Amino acid sequence: MDPRSLTPVLRVLRVCLHLLVAGLLALAALRAATPAAVTAAACTGAVYAVGSSLRPVRESRPAATLWLGVLTAAWLVLLAVAPDGLWLAFPLYFLHLHLLPVRWSLPAVAATAGAAIMSYVRHGAPFSPGAFIGPLLGAAVAVATVLGYQALYRESERHRRLVEELTSTRAELAAAERHAGTLAERERLAREIHDTLAQGLSSIQLLLRAAERALPDGSPVAAGHIERARRTAQDNLAEARRFVRALTPADLERGSLAAALERLCGTAGPGPRVRFSVSGTPVPLPTPYEVALLRIAQSALANTVRHAGAGRAEITLTFMDASVTLDVVDDGTGFDARSWTPSPGGGFGLPAMRSRAESLGGTFTVESAPGQGTAVAVALPLRTPASRPDPGASHPSGTAPVTTTVRTEEAA
């Protein structure tokens with residue numbers, strides 16, 4: 001519960017407490033009807049009024065403790081000259097519990113109840129069980145009320161903080177989903193432009209060059225048109241390539257995949273210590289390979305930081321003759337990988353990583369057990385050096401052979 005919503009309630013309770021103290025002081029003075037009782041009641045009321053109106057008493061615990069001590073002393077004087085002053089013990093219970101720490105307030109309440117009982121006996125009133133039960137019962141009610149209210153307030157504050165954290169987490173998740181969607185669309189557009197427009201424009205240039213060479217002599221008009229068409233295609237091809245470079249993930253623009261993964265380890269934030277290593281001889285990878293491996297590493301490391309409770313994690317990029325592999329291993333709590341299923345409210349990270357790997361003809365495996373950490377492994381196949389695609393080419397799924405693409409682009 002927001003503390004600001006309690007302000008009107010606290011204000012009403014404070015006014016009620018002031019009225020209760022004033023009424024009980026007036027009752028004690030009128031019932032005693034002696035100058036000493038009236039004077040003691042007036043002094044007690046003055047101490048209460050001055051202290052409750054001072055800002056230091058409301059904001060400083062030492063000042064509140066001093067004021068409460070003076071007020072209690074004035075009440076004890078009133079108690080000595082007016083038997084009905086014992087009724088003032090009830091609002092004093094609440095003041096003790098509100099202004100003092102628990103380790104001091106409970107003994108103070110017990111002492112106040114004992115003083116009220118002793119006053120009743122001292123003034124020679126007829127003995128009855130109510131003389132003892134009344135102050136003690138009032139003290140018990142006050143303690144239960146204040147402590148119960150404090151417990152409810154702490155619970156409401158905890159609930160409020162949880163709601164705020166949930167709201168913040170939902171906003172962060174929505175922002176992350178929007179960012180991921182933007183990146184996915186950028187990658188898709190880069191692939192589409194490279195595989196369709198760029199390749200088509202390269203082919204048009206080759207055809208126009210062939211047509212230019214096949215023109216008979218004495219055709220200057222047709223040759224001029226073909227030259228202008230070829231230059232237009234060349235300019236648009238350069239523009240398409242600029243689009244592809246602009247749509248490449250920013251992490252891969254500043255260097256190789258290994259450099260991007262090393263930067264990722266350095267920006268993991270609070271959590272496990274992350275180490276990156278490369279095994280084998282690095283070779284140029286197609287852009288879809290680099291994007292997929294980087295995104296899988298980001299997702300796996302995010303799972304490690306959020307859920308694993310790990311102290312250490314390691315990312316290893318391994319280049320082999322026929323494949324490139326990425327391993328993300330941590331020493332966290334782990335989980336039962338054999339029986340794991342996505343939760344209704346989340347758990348999309350692993351299926352998304354698997355989908356990325358399998359869309360490129362690779363494999364994705366997860367090894368984990370409770371208390372034994374987690375290992376995520378991705379393997380993507382590599383072609384032989386003679387036919388390995390250039391780093392700017394997309395995966396050859398449903399497209400022309402990459403070697404033809406390279407020759408086409410070089411010819412342009």
Side-chain angles (χ1 to χ4, degrees), residues 1-7 150-188 249-252 260-276 291-315 326-357 359 364-378:
M1 184 182 297
D2 192 340
R4 290 173 295 183
S5 65
L6 296 176
T7 300
Q150 292 176 351
L152 288 175
Y153 180 74
R154 286 193 298 269
E155 181 65 21
S156 66
E157 281 294 291
R158 188 181 69 84
H159 178 71
R160 181 182 63 82
R161 287 193 296 269
L162 289 176
V163 170
E164 290 179 351
E165 291 176 2
L166 176 61
T167 303
S168 175
T169 302
R170 290 180 61 182
E172 293 176 359
L173 178 60
E177 289 177 347
R178 287 194 297 271
H179 183 64
T182 301
L183 292 178
E185 183 64 13
R186 284 161 59 99
E187 295 165 14
R188 186 188 69 81
D251 290 329
L252 295 175
L261 291 174
E262 189 167 3
R263 286 193 299 270
L264 175 64
C265 295
T267 59
R273 299 186 305 275
V274 185
R275 190 169 68 93
F276 172 69
V291 172
L293 292 174
L294 178 61
R295 297 301 181 225
I296 290 173
Q298 288 174 330
S299 182
L301 188 57
N303 286 343
T304 298
V305 173
R306 291 181 184 176
H307 309 298
R312 292 183 297 104
E314 183 170 356
I315 299 178
L326 176 75
D327 298 282
V328 182
V329 182
D330 65 67
D331 61 353
T333 56
F335 61 95
D336 189 352
R338 292 173 298 180
S339 61
W340 180 86
T341 55
S343 61
F348 303 111
L350 292 178
M353 287 187 271
R354 184 184 302 277
S355 176
R356 277 186 182 275
S359 68
F364 177 83
T365 58
V366 178
E367 296 181 1
S368 182
Q372 299 183 15
T374 303
V376 173
V378 184

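Computed from a prediction, not measured in an experiment: that's the story for all the values here. Positions are given from 1 along the sequence.
A donor-acceptor pair under 3.5 Å is formed between the side chain of Thr167 and the backbone N or O of Val163. For the pair Arg354 (side chain) and Phe364 (backbone), a donor-acceptor distance under 3.5 Å is present.
When all heavy atoms of Ile296 and Met353 are compared, the pair lying nearest together is O-SD, 3.5 Å. The two residues Val378 and Ala357 come nearest to each other via the heavy atoms CG1-CB, 3.8 Å. Gly311 and Asp331 get closest at one heavy-atom pair: N-OD1, 2.9 Å. Across all their heavy atoms, Ala375 and Val329 have their closest contact at CB-CG2, 4.0 Å. What you find for Leu326 and Leu293 is that their closest heavy atoms are CD2-O, 3.3 Å.
Between Glu165 and Arg161, no side-chain nitrogen of the basic residue sits less than 4.0 Å from a carboxylate oxygen of the acidic one, so the salt-bridge criterion is not met. A salt bridge is defined here as a Lys NZ or Arg NE, NH1 or NH2 lying under 4.0 Å from an Asp or Glu carboxylate O, and Arg154 with Glu157 fails to meet this definition. Under 4.0 Å is where a charged nitrogen must lie from a carboxylate oxygen, and between Arg158 and Glu155 at least one such pair does.
Residues that satisfy the side-chain hydrogen bond (donor to acceptor under 3.5 Å, both in side chains) test with Arg275, not counting sequence neighbours, are Glu314.
A distance of 13.0 Å separates CG in Leu152 from NE2 in His159, rounded to the nearest 0.5 Å.
Tested against Ser368, the residues Thr333, Asp330, Thr374 include a single side-chain hydrogen bond (donor to acceptor under 3.5 Å, both in side chains) partner, Thr374.
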